[in-house]
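Contents: one structure, followed by commentary.
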Amino acid sequence: MDKPLIEFQNVTKRFGTKTVLDQVNLKIYEGQVTTIIGLSGGGKSVLLKHIIGLLQPDEGTILFRNRPLRHGKGRHTSFAKGEISYMFQDNALFDSMNIFENVALPLLETTNLSNTEIKKRVLARLEQTELTEAKYKYPSELSGGMQKRAALARALITDPKIVLFDEPTSGQDPVRKNAILSMIAQYQRKFGFTAILVSHEIPDVYFISNRILALYNKRIVFEGTPEELEDFDHPFNDEVIQSLEGLQAELTGLASRRRFKVLYHAQMKRGQQGEIYSVALFTLDALESVINCLGYDIAQETVQHLGSFINKQFSPVGGFSTRFSANQFVTVLPYTDLAEAKDILKNFIADFTEYGIHNIVNGNGEKRPQDACAEFSILVGLAQGQPLMNIESVIDTAEKNQTEIGRVNCS
Amino acid sequence: MIHKVLWVIQIKFWNSRFMASFSDIKNNSQNKTRLGVFKFLFEPFAFTGRLTILWIKSLGAAAIFLTLAALKIFQNKQLVKIVQQLYYIGAKSTLIILLVGLFTGMVLGLQSYYALVKFGAEGALGTLVALSLVRELGPVLTAIMITARAGSAITAEIGIQRISEQIDALDTMRIDPLKYLISPRIAASIISFPILTALFDLIGIVGGYVSVVIVLGVTSNTYFYRVQSSLELKDITDGFIKSIVFAVIVSTVCCFQGYFAHMRADSHGAKAVGLATTSAVVLSCVLILLSDYVVTSLLIQ
């Protein structure tokens, strides 16, 4: 693997007699989304503050591009600061300045750009974060979600190479949480910065993260991809992830990925005795264009509506579903061969065209901007699972078989 | 150009010299010593010792704080912020200074008349009013009034910015909080204190005129002749020197208390900001009067 951008070597931090980080070792790579997960009060924010230099380790070194961030007892070297932006957990917006001034401040103070250029950049950023109408409002006049977006706009205004997000989704409702995460993911792709997140949103962060670091009991106990974390055998998994996933499942009605796997493995066991099953893969096409036209909130609501509609339709016939990626859902239909599955799907399509599309489009009618409209389609593909095939290849087959079942047009 | 380079070198020097000890003070929060009545009664020596060490430490920290902030006044992009602070600290204090100055002058005239008439020396009223105002009351009362009006606001504002992580946010944006928040306030204080003192002196003399001439009937010529003949340039410069000393003290104390509000040993959060504001005002007033004596005794020699 290539060289790490940031590396912690045996970093220990104590506050008084309380040890918060104990011999932490970790690596963060350039261009990736790295998420640090762990229990509240477990030192995740402390870890993040070490990277930006707000806190200094008591022991150990932090390397930034292979250079130590601090030499001896001297001052924190500031060469890294210019590349890093930090989004505070409670935003830390300047509350006696309006949103425009807040976002413009880093440019005004640290660059020599002309006022018109600064204004242009700030307005562009505010438009991207859907804050144009709120630009002359003060932070206290905005909702929590808008404040978060303002903080994000301010963090991104200097075009940083690394952005640290300290619980960007705390205090938001489930829809908005997903909206903020997808916003981060989209900006990350658009601007190519390295993102380091602290988050509890399991499994939603899996969809946007390249790497997961698990902080447990003052140490990093896991470094790897989200998929690897699924198979990670450690008390951390039982204690933290399952409880968080369980909560998520209760909120959306969909099976969590873990539960989906358990159900699937139970199915596989029966499968060895000669049972068959089918897999349906649903895709909401052109999610990007929905986001661009209607905004993150509505896009996330649309995905959520689709998910709960699928769940509602298939759970009576014994199917179980999960969110597979940002815009895909997988349903497993046990004891069903391809022909039966097609029949079930036919019913689903009929219901979907009658009520589903209507629901998805109008479920958020009051929030939708009057003149804005997005075109998107919903695809579905079927595949029959053989007892000894693994589910990934079945899903791949389903993806190849996808056809369009519904389309929302602007009329 | 050379000027600029010199400044940069100087600032780099001071920064490296002071930052090590300054950051020690900044990170010293866990070694806070609690000093209470209990300690004073049962361990008087330890109490006194700790108190002295604490005082010397904070004095050193404040000195470093002031030096760094003062050097940063002359960096670029400061002018607009200094003008803004001049408006808040200076211009907005004008009315209250005028009001206080007028009544101080009036009561001074009244009291002096009461005393001087016993010696038949009411002709010296002008001298007494003018000298007391210019040499003493002007600088001191102006400083105390600005402490009450602007100093408390400075501490509260910076304190709130500190506890809501806004100062940390500045730091992460590569905006030096000392340069952005503290330097303009110190510069604006140094500029506005002497001007407001001058205003106080002037309106005080007018106040004296009101009570002495209009109310008590001393002739206007005598009053103004005495004012004019007794005031020398040294009296006025001494007054200004005092007011500049007070400006430095008030702005440093108020900014310092706000800036380190999160490190108070006695409380946290909003309460810490409240206590910081109180101690900023009390400490400023005490230090104004203490330093007034010291500066006066130095200037009189």
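Throughout, protein chains are lettered first and strands after them, A, B, ... in sequence-line order, and every chain is numbered starting at 1. The figures here come from the full heavy-atom set of this structure, side chains too, leaving out hydrogens, waters and symmetry mates. This one's a predicted model, so the numbers in the text were calculated from it and none came from an experiment.
- Sorted by first and then second residue, the pairs that involve residues 144-154 of chain B and meet side-chain hydrogen bond (donor to acceptor under 3.5 Å, both in side chains), not counting sequence neighbours, are B/Ser93-B/Arg149.
- Summarising the geometry, atom CG belonging to B/Asn76 is positioned 9.5 Å from atom CD belonging to A/Glu109; distances are rounded to the nearest 0.5 Å.
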Handout entry: CA sep, side-chain torsions, deciding dist, call: B/Ile175, A/Leu105, side-chain contact (heavy atoms from CB on, under 4.5 Å)
Key = CA-CA 9 Å; B/Ile175 302 171; A/Leu105 187 76; 3.9 Å; yes
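- A/Asp90 CG to B/Glu165 CD: the interatomic distance, rounded to the nearest 0.5 Å, is 5.0 Å.
- For B/Lys77 (side chain) and A/Thr110 (main-chain N/O), no donor-acceptor pair under 3.5 Å exists by modelled atom type.
- In B/Tyr88, the OH atom is not crowded: 12 or fewer heavy atoms of neighbouring residues, nucleotides or ligands sit closer than 6.0 Å.
- To the nearest 0.5 Å, the span separating CZ on A/Arg154 from OG1 on B/Thr172 amounts to 7.0 Å.
- If you take CG on B/Asp168 and CG on A/Leu54, they are separated by 4.5 Å, rounding to the nearest 0.5 Å.
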Exercise for the section: Please step through side chain to side chain donor-acceptor pair (under 3.5 Å) for the pair A/Asp95 and B/Gln166, ending with a clear verdict. Expected result: CA-CA 9 Å; A/Asp95 42 20; B/Gln166 293 176 41; 3.2 Å; yes
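- Using a 4.0 Å cut-off between charged side-chain N and carboxylate O, B/Arg174 and A/Glu83 make no salt bridge.
- Of all the heavy atoms in A/Phe94 and B/Ala169, the pair that sits closest is CZ-CB, 4.4 Å.
- Within 6.0 Å of the CD atom in A/Glu127, the count of heavy atoms belonging to other residues, nucleotides or ligands does not exceed 12.
- The greatest number of non-hydrogen atom pairs below 4.5 Å with chain B, out of A/Ala155, A/Pro106, A/Pro160, is found for A/Pro106.
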